[in-house]
Visitor: 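Shown below is the structure under consideration.
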Amino acid sequence: MDIQFAEIDVFAPKAEAAWAALQRQYASRISGPEIDHLLACFVLGLTSPAYGEGDPGFHFDLCRALVAINLSPERTEAALHTVPEPTQPWVASACQLIEKQGAKIGLSLRETTGNFKDFLVVEANDAAHQGASAIAREK
């Protein structure tokens with residue numbers, strides 16, 4: 001993925017933890033595409049408190065980047081664009097529940113960082129400053 005987001009550092013640990021939990025909980029019970037879709041639902045919920053009211057294209061690209069941390073490009077696109085046929089009757093409601101859980105975590109992130117967008121600007125500025133410092137040290 002060519003697009004870089006400062007937000008990845010904020011959301012990636014939560015998405016990776018969700019992926020590990022989904023694998024542990026459901027790997028032997030539902031299909032791979034269903035687990036992938038559950039991850040996409042979680043990521044959508046996770047990022048919605050900060051970006052759900054903003055540019056939908058940016059929000060979708062951020063979701064794609066976060067899902068792609070754990071999935072191949074093909075699986076990422078399938079997880080984001082296709083709702084797999086449920087192998088178990090409870091899977092459809094699990095999608096809704098996991099999206100809500102992601103939203104709770106995303107809201108908690110937003111609340112603990114104060115103004116979330118200001119936090120991301122500070123993070124981006126810090127990263128740029130650290131990069132400039134590293135370049136200066138190399139000279």
Side-chain angles (χ1 to χ4, degrees):
M1 163 112 335
D2 293 338
I3 299 172
Q4 298 294 319
F5 296 96
E7 295 83 348
I8 292 291
D9 292 338
V10 175
F11 296 116
K14 302 299 184 189
E16 290 172 347
W19 177 247
L22 288 168
Q23 290 292 319
R24 258 190 330 274
Q25 179 102 10
Y26 299 117
S28 64
R29 300 171 57 196
I30 61 176
S31 71
E34 288 172 303
I35 295 172
D36 295 352
H37 185 69
L38 286 172
L39 175 64
C41 291
F42 175 82
V43 167
L44 176 64
L46 179 68
T47 56
S48 287
Y51 299 100
E53 299 297 320
D55 174 21
F58 177 85
H59 187 199
F60 187 77
D61 287 343
L62 176 60
C63 289
R64 178 184 287 120
L66 286 164
V67 171
I69 291 170
N70 293 295
L71 302 180
S72 69
E74 298 79 21
R75 286 176 61 192
T76 295
E77 292 307 311
L80 294 169
H81 293 285
T82 307
V83 178
E85 190 65 38
T87 58
Q88 304 289 326
W90 51 266
V91 174
S93 62
C95 291
Q96 294 171 348
L97 291 174
I98 197 161
E99 186 176 335
K100 286 181 184 179
Q101 185 62 33
K104 284 181 187 178
I105 294 168
L107 186 59
S108 176
L109 279 173
R110 188 177 76 183
E111 289 172 355
T112 59
T113 59
N115 183 333
F116 198 75
K117 290 187 186 334
D118 287 347
F119 169 76
L120 293 174
V121 168
V122 169
E123 288 288 303
N125 288 339
D126 287 349
H129 177 70
Q130 289 173 0
S133 295
I135 291 169
R137 282 192 302 270
E138 289 178 6
K139 288 183 177 183

Visitor: As an exercise, state the distance from OH of Tyr26 to CG of Leu39, rounded to the nearest 0.5 Å.
Guide: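 CG of Leu39 is found 13.0 Å from OH of Tyr26.
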Visitor: Drop me the distance from His37's NE2 to Thr82's OG1, to the nearest 0.5 angstrom.
Guide: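 His37 NE2 to Thr82 OG1: 9.0 Å, rounded to 0.5 Å.
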Visitor: If every non-hydrogen atom of Pro49 is compared with every non-hydrogen atom of Gly106, which pair is closest and at what distance?
Guide: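 Here Pro49 and Gly106 meet closest at CG-C, 3.7 Å.
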Visitor: Nearest 0.5 Å, what's the CD-CD1 distance between Gln25 and Ile30?
Guide: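 One finds 9.5 Å between CD of Gln25 and CD1 of Ile30.
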Visitor: Does Tyr51 belong to the same Ile/Leu/Val/Met/Phe/Trp/Tyr cluster as Ile8, with side-chain heavy atoms less than 4.5 Å apart forming each link?
Guide: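 Yes; Ile8 is reachable from Tyr51 via cluster members.
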Visitor: In Å and rounded to the nearest 0.5 Å, what is the OG to CD distance from Ser31 to Gln88?
Guide: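 Reported value, rounded in 0.5 Å steps: 9.5 Å.
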Visitor: Looking at Leu109, is its backbone amide N or carbonyl O close enough to the side chain of Thr112 to form a donor-acceptor pair, meaning the two atoms are under 3.5 Å apart?
Guide: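 Present.
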Visitor: So which heavy atom on Leu71 is nearest to which on Ala79, and how close?
Guide: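 So the two residues come closest at CD1-CB, 4.2 Å.
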Visitor: Only one of Ile69, Leu62, Val43, Ile105 passes side-chain contact (heavy atoms from CB on, under 4.5 Å) with Phe11; say which it is.
Guide: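 Of the listed options, the one satisfying the test is Leu62.
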Visitor: If you measure from CZ on Arg64 to NE2 on His81, what distance do you get to the nearest 0.5 Å?
Guide: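 Here the rounded value is 5.0 Å.
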Visitor: How long is the span from the CZ atom in Arg110 to the OG atom in Ser48, to the nearest 0.5 Å?
Guide: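 The CZ atom of Arg110 sits 10.5 Å away from the OG atom of Ser48.
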Visitor: For the residue pair Ile98 and Cys95, what are the closest heavy atoms and their distance?
Guide: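 Nearest heavy atoms, Ile98 then Cys95: CG2-O, 3.3 Å.
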Visitor: State plainly whether one hydrophobic cluster holds both Phe42 and Val83, where clusters connect Ile, Leu, Val, Met, Phe, Trp and Tyr through side-chain heavy atoms under 4.5 angstrom apart.
Guide: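 Hydrophobic grouping puts Phe42 apart from Val83.
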Visitor: When you measure from the side chain of Glu34 to the backbone of Val91, do you find a donor-acceptor pair of N or O atoms at a distance under 3.5 Å?
Guide: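 Answer holds: no.
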Visitor: Please say which of Leu44, Asp36, Leu80 ends up in a side-chain contact (heavy atoms from CB on, under 4.5 Å) with Val67.
Guide: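 Testing Val67 for a side-chain contact (heavy atoms from CB on, under 4.5 Å) against Leu44, Asp36, Leu80 leaves exactly one candidate, Leu80.
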Visitor: I'd like to know if Leu97 and Trp90 are part of one continuous hydrophobic network [Ile/Leu/Val/Met/Phe/Trp/Tyr, side-chain heavy atoms within less than 4.5 Å].
Guide: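 No, because Trp90 and Leu97 fall into different hydrophobic clusters, even though each may have its own neighbours under 4.5 Å.
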Visitor: To check you understand the geometry: which heavy-atom pair defines the closest contact between Cys63 and Thr47, and what is its length?
Guide: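 Scanning both residues completely, I find the closest heavy atoms to be SG-OG1, 3.4 Å.
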